[in-house]
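A short worksheet on the structure shown next.
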Number of protein chains: 2
Amino acid sequence: MSYKPADEINENGTGFIKNVAIDTVIFGFHDNLLKVLLSAYKNTNYFALPGGFIREMENLYDAARRVASERTGLDDIYLEQFYVFGDYSRYEPEPFKVIMEVNGNKPSKSHWLLQRFISIGYYALVDFTKATPTPAAIFDSCNWYDLKNMPELIQDHSKIITKALEALRANLDHKVVGYNLLPESFTMGELQKLHETILAKKLLRPAFQRKMLSLCILERVAKKYSGGAHKAPYLYRFVSEV
Amino acid sequence: MSYKPADEINENGTGFIKNVAIDTVIFGFHDNLLKVLLSAYKNTNYFALPGGFIREMENLYDAARRVASERTGLDDIYLEQFYVFGDYSRYEPEPFKVIMEVNGNKPSKSHWLLQRFISIGYYALVDFTKATPTPAAIFDSCNWYDLKNMPELIQDHSKIITKALEALRANLDHKVVGYNLLPESFTMGELQKLHETILAKKLLRPAFQRKMLSLCILERVAKKYSGGAHKAPYLYRFVSEV
DNA sequence: CGCTATTGTAACATAATGATACAATAATAA
DNA sequence: TTATTATTGTATCATTATGTTACAATAGCG
């Protein structure tokens, strides 16, 4: 989880469920690179996944959406619950203690943020260009990092990202990926590049096109007369399911 | 979750993490029927999944194992975390209030068991014949029920079972299922019947055998000279992965 | 010693996927 | 205008996986 001083700073975390956090792995896509949104704590070397907590009367999924929306400015994004991280060894209050102290707070040992947390992992896929990374509060910054070039993260957050990527890859076959990662309309080549980036391997163009079209989730919009010296590709969009 | 009076009866649930429960969907297999283990609360009409809570210093997975082991008498069983149920609408304290009252307790409104719970779902597959269903405490009974013939369950427990079955079916392809569901050695026909029961559809024998053998997870042990008036089938066991 | 039920697997049919080839064409430059 | 170039859309074939039928092998039974 990440530290949100705005309203969670009070000693006993009134209004939130204790010992449970949501951690979001928000993937973005740019220049054929998968990016991930990370929060950095000011005045420390601590980097963490954007996280948050569940309000006492809030649906779990709504809480995940709220967290993702707060950090990206995007509503209506594809969110998937992928795993719960609940090892006791996750309990490492030291970083949070330091973060609070560095920022002028002196939490008691029983401060709710210094207790053990079970963390529910959600991943999201967003359009890199439409998202406006927003830090959770004055203490945070929030930025995109290449998946291949991340800073060291607190706790088990690296493992969480690995697990999220595994879940995302496993879902590429069944579920449609790209609703929020790609612009409204896109070429088959762009969709393929996205899949190639997520899977970290090259795909064969004819087979990919054949498969995508066989799923009946794409519809042709127009031709894209904009690019280079070659045949104009078709633009597609996801068919709206009604 | 289910109600365990033995040590969770105290008003504030000392030693347990609050607002988080584990619900287990324990599948057993018998007579080509999938069974599921259900707890019944004495003196009420309430049926529920075997559930439990996480001790303050206990790993989440260990807690799930403990719950499953306590209810089946089986250790070392295949357990898989499949989903977290966290809608606020799950909050229905009435059944638990009744259960406690019927059994001679008068919980206050702030009793920790009457609060909202986020429930982490695990499923397990056990050998029906080796399991000894054990109620959680004096107030409970614990029995196998056909998946097709279950009593009405409290809260969203029916949905939890549905979701568990979906996860189990989705995993049949990738993961090996049957370590704990089948005896030490078994015939290809028995394995096929198990798969057919889980998937609720017939499979073609040659294709099934070809596929299973291609996975290289089975080894032939011997022939089974015991059955009826026909060719003796081979016995297989899962290769120990080392 | 045949009969029966079931197994193990070969053999073929069909479908899915992998790989190659090539015509179509939008921009560019001669 | 026309040749050039890069890339797209798709046809075609190869390979692999899966679905289906067929049949020999054989343990128990009468």
Handout entry: Among dG8(C), dA27(D), dT18(D), the one nearest Tyr234(B) by side-chain distance
Key = dG8(C)
Problem - Distance below 4.0 Å between Lys211(B) side-chain N/O and dT18(D) OP1 or OP2 - result: yes
Problem - Listed partners of Asp156(B) passing side chain to side chain contact (heavy atoms under 4.5 Å, CB included), at least two apart - result: Phe85(B), Arg90(B), Lys159(B), Ile160(B)
Handout entry: Under-4.0 Å side-chain N/O to phosphate OP1/OP2 contact, Gln209(A) with dT10(D)
Key = yes
Fill in the blank from the handout: To the nearest angstrom, the NZ-C1' distance between Lys224(A) and dA6(D) comes to 15 Å
Problem - Relative orientation of the end axes in the helix from dC1(C)-dG30(D) to dA30(C)-dT1(D), expressed as an angle to the nearest 10° (five pairs per end) - result: 10°
Handout entry: Polar pair under 3.5 Å, donor/acceptor by atom type, side chain Arg210(A), base dG18(C)
Key = yes
Practice task
Could you list the residues that satisfy side chain to side chain contact (heavy atoms under 4.5 Å, CB included) with Ala64(A), not counting sequence neighbours?
Solution key: Ile22(A), Leu79(A), Tyr122(A)
Completion exercise
In whole angstroms, the gap separating C1' of dT8(D) from CG of Leu235(A) amounts to 13 Å
Handout entry: Between dA17(D) (P) and Leu213(B) (CG): distance, integer Å
Key = 15 Å
Exercise for the section: Using distance alone, with no hydrogens and no angle criterion, decide if Asn59(B) and Asp62(B) have a side-chain donor and acceptor under 3.5 Å apart. Expected result: yes
Problem - Nearest-angstrom distance from the residue atom CG of Leu215(B) to C1' of dT18(D) - result: 14 Å
Problem - Pairs satisfying side chain to side chain donor-acceptor pair (under 3.5 Å), at least one member in residues 197-218 of chain A, at least two apart - result: none
Handout entry: Residues which pass side-chain hydrogen bond (donor to acceptor under 3.5 Å, both in side chains) with Asn45(B), listed by chain and number, not counting sequence neighbours
Key = none
Practice task
Send over the distance from Glu190(A) CD to dT7(D) C1', rounded to a whole Å.
Solution key: 13 Å
Handout entry: Side chain of His230(B) (C-beta onward), nearest among dT6(C), dG9(D), dT18(D)
Key = dT6(C)
Problem - Sequence neighbours excluded - side chain to side chain donor-acceptor pair (under 3.5 Å) pairs with any residue from residues 185-196 of chain B - result: Glu190(B)-Lys224(B), Gln192(B)-Glu196(B)
Fill in the blank from the handout: note: Phe208(B), atom CZ; dT18(D), atom P; distance rounded to Å ~ 13 Å
Practice task
Ignoring hydrogens and angles, state whether a donor on the side chain of Tyr123(B) or Asn171(B) is under 3.5 Å from an acceptor on the partner side chain.
Solution key: yes
Problem - Rounded distance in Å - CE (Met188(B)) to P (dG8(C)) - result: 7 Å
Practice task
Calculate the interatomic distance between Lys231(A) atom NZ and dA27(C) atom P; express it in whole Å.
Solution key: 14 Å
Practice task
With DNA chain C as reference, determine whether Ala232(A) or Thr187(B) sits nearer its 5' end, using the nearest nucleotide of each.
Solution key: Thr187(B)
Exercise for the section: Name all residues meeting the side-chain hydrogen bond (donor to acceptor under 3.5 Å, both in side chains) criterion together with Asp75(B); count only those two or more places apart in sequence or in a different chain, and write none if there are none. Expected result: Ser69(B)
Problem - Of residues 196-207 of chain B, the positions that come close to DNA chain C - non-hydrogen atoms, cut-off under 4.0 Å - result: Arg205(B), Pro206(B)
Completion exercise
Sequence neighbours excluded, the answer for side chain to side chain contact (heavy atoms under 4.5 Å, CB included) partners of Tyr234(A) is Arg220(A), Lys223(A), Tyr236(A)
